[in-house]
2 protein chains.
Amino acid sequence: MSLPHAILTALLEKPSSGLELTRRFDRSIGYFWSATHQQIYRELGRLEADGHIRALPTAQPARGQRKSYEVLEAGRAELARWTAASQDPKPYRDALLLRLRAAAVVGGTGIEPDLRRHLDLHQRQLAEYEAIEKRDFPPGRDTPQDRLQHLVLRAGIDLETFWTQWLSHALTEFTHLGDLADFDGHDDPDGPDGPDGTM
Amino acid sequence: MSLPHAILTALLEKPSSGLELTRRFDRSIGYFWSATHQQIYRELGRLEADGHIRALPTAQPARGQRKSYEVLEAGRAELARWTAASQDPKPYRDALLLRLRAAAVVGGTGIEPDLRRHLDLHQRQLAEYEAIEKRDFPPGRDTPQDRLQHLVLRAGIDLETFWTQWLSHALTEFTHLGDLADFDGHDDPDGPDGPDGTM
DNA sequence: CGGTTCATGTAACTAGTTACATGATTTT
DNA sequence: AAAATCATGTAACTAGTTACATGAACCG
């Protein structure tokens, strides 16, 4: 149940309408908790029904009219509770690693273009994060809020750095593999009871 | 749609029953595509209906009787197709980073114990991966299959390394923050229109 | 023979995704 | 005034999670 809390955080930082939230999710919060506008509108409805947020009274609510929300005290309390509560990390899922493992079994040169594409995407994301760091976190400012937000951004930067490095390494491995003959994974020299191991 | 392909990969490596698959997901494939036994049984049913796998004829199918599956040619073809097909990375979601950002807004010392707990979990996972590397990938063996599987394992190791380092860094930040007075995020000295920035 | 574990499954629910609908505003 | 785009929303679907059910085997 993280989406409502992501929205509460965003609204505390700045009261917004559904569309503004959607845009902010695209370029800020969404970097580590993405959401589509459909999810956001649905969740705004629930948060309002629960008394965690309310529409700012200034704008009248009509279809096609923008409606801004602010967080109520109950919403802030709920967010603080959730932030401090212990949570297990959710099970990890990564399709690209899975595909690579599948490639080891059915033969793998086909992924190479997609590895290249992913490398490019991660490089762009890394560049974006670094630009944000340069712009929003100059050496001077040093409030606790700044420190925490910077910490989060550092996680993003380090993660993207990891992926670009790993993907580069994977691609060089692939060019080496290209040299080796008989790489289609079909004729298993070990037979069906080969070294399955654990990983 | 990755789960069926994760199962096909596992079954190609070694034909298994539902429970065996569940166990293997717990300690191998599940490291990067986790699944519960309920998901696995449901998916085995679908894969069989689609003609991608079949139950080994040896064991009779009765409730409480173990039933092993093997991959049919159609299943292998589907897996090869999926492996080579281009796929967009799925939107990233990380509750811990979100909570840290929330902590910057509502006040944050409450997360610290959970950061410690996560650090411990990641350290254990890292140790497990390193043990697997030592056991399954000694310097000698060097088939393309080995290379690919090792590459996947390296991703796991490097990811866990990143998390342990980042969490350690985050925790030292927190002890520094403890020194600073008035860290509850409630009294925003910038007012509601402070430096929202982009991140 | 009564309780625990093994093995397979069902049912209900929750979160996220995809496709589409509709009124308001702005542009040509 | 027609077309495009803005802003909010609905509906249907898919994947993943949680809770529970049931027969078989095994253990004291």
Side-chain angles (χ1 to χ4, degrees), chain A residues 1-8 10-11 15-26 29-30 32-50 53-56 58-69 82 87-95 98, chain B residues 1-8 10-11 15-26 29-30 32-50 53-56 58-69 82 87-95 98:
Chain A
M1 284 248 315
S2 297
L3 178 57
H5 301 96
I7 292 178
L8 287 173
L11 287 181
S16 304
S17 68
L19 191 74
E20 281 168 336
L21 275 177
T22 304
R23 301 233 188 286
R24 292 176 60 201
F25 266 74
D26 281 348
I29 307 256
F32 40 91
W33 202 275
S34 69
T36 62
H37 80 273
Q38 292 90 341
Q39 281 178 279
I40 288 171
Y41 284 118
R42 182 163 53 186
E43 207 58 48
L44 282 173
R46 286 178 194 162
L47 284 167
E48 191 176 26
D50 291 350
I53 64 174
R54 69 165 180 190
L56 287 178
T58 50
Q60 75 282 30
R63 198 174 181 114
Q65 287 298 100
R66 47 196 310 157
K67 192 167 43 167
S68 273
Y69 293 92
W82 177 80
Q87 260 184 255
D88 284 333
K90 76 167 201 310
Y92 187 66
R93 291 194 174 92
D94 188 298
L98 187 59
Chain B
M1 284 244 317
S2 296
L3 178 57
H5 302 96
I7 292 177
L8 286 173
L11 287 181
S16 303
S17 67
L19 190 74
E20 281 168 336
L21 275 177
T22 304
R23 301 231 186 289
R24 291 175 60 201
F25 266 73
D26 280 348
I29 306 257
F32 41 91
W33 203 275
S34 71
T36 62
H37 80 273
Q38 293 89 340
Q39 283 178 279
I40 289 170
Y41 284 118
R42 183 164 51 186
E43 206 57 47
L44 282 173
R46 287 179 193 162
L47 284 167
E48 191 175 27
D50 291 349
I53 62 172
R54 69 165 179 188
L56 288 177
T58 50
Q60 75 282 31
R63 198 176 181 109
Q65 286 298 101
R66 49 195 310 157
K67 189 167 48 166
S68 273
Y69 294 92
W82 176 81
Q87 260 186 253
D88 284 332
K90 76 167 197 314
Y92 187 66
R93 290 194 175 91
D94 188 299
L98 188 58

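Per chain, numbering begins at 1; letters A, B, ... match sequence-line order.
- The distance from atom OH of Y92(A) to atom P of dA15(D) is 20 Å, rounded to the nearest whole Å.
- The side chain to side chain contact (heavy atoms under 4.5 Å, CB included) test with S16(A) singles out one residue from L11(A), I7(A), I40(A), and that residue is L11(A).
- Counting to the nearest Å, the P atom of dT10(C) and the CD1 atom of I40(B) are 15 Å from each other.
- Look at CZ on R46(B): it is 10 Å from P on dG16(D), rounded to the nearest Å.
- In this structure, L19(B) places its CG atom 19 Å from P of dG23(D), rounding to the nearest Å.
- The phosphate of dT17(C) (OP1 or OP2) has no side-chain N or O of K90(B) nearer than 4.0 angstrom.
- If you check every strand for non-hydrogen atoms under 4.0 Å, T22(B) touches nothing.
- In this structure, H37(A) and S2(A) both approach DNA chain C, and ranking their closest nucleotides by distance from the 5' end singles out S2(A).
- What you find for A95(A) and Q87(B) is that their closest heavy atoms are CB-NE2, 3.7 Å.
- The main-chain N or O of G18(A) is found under 3.5 Å from a side-chain atom of T22(A) such that the two form a donor-acceptor pair.
- In terms of phosphate contacts, Q38(A) brings no side-chain nitrogen or oxygen within less than 4.0 Å of OP1 or OP2 of dT17(C).
- Taking for each of G18(B) and L3(A) the nucleotide of DNA chain C with the nearest heavy atom, the 5'-most of the two is the partner of G18(B).
- Listed pair Y41(A) / dT8(D) meets the phosphate criterion, a side-chain N or O lying under 4.0 Å from OP1 or OP2.
- Remark: C1' of dT14(C) and CE of M1(A) are 10 Å apart, rounded to the nearest angstrom.
- Rounded to an integer number of Å, the gap from CD of E43(A) to P of dT10(D) is 14 Å.
- For R23(B), the salt bridge (charged side-chain N to carboxylate O under 4.0 Å, His left out) test picks out no residue, with sequence neighbours left out.
- For R93(B) and dT17(D), the CZ to P distance is 13 Å, given to the nearest whole Å.
- R42(B) contributes a side-chain N or O that forms a donor-acceptor pair with the base of dG16(D) under 3.5 Å.
- Partners of R46(A) by side chain to side chain donor-acceptor pair (under 3.5 Å), not counting sequence neighbours, listed by chain and number: E43(A).
- Between the CD atom of Q39(A) and the P atom of dA7(D) there is a distance of 20 Å, given to the nearest Å.
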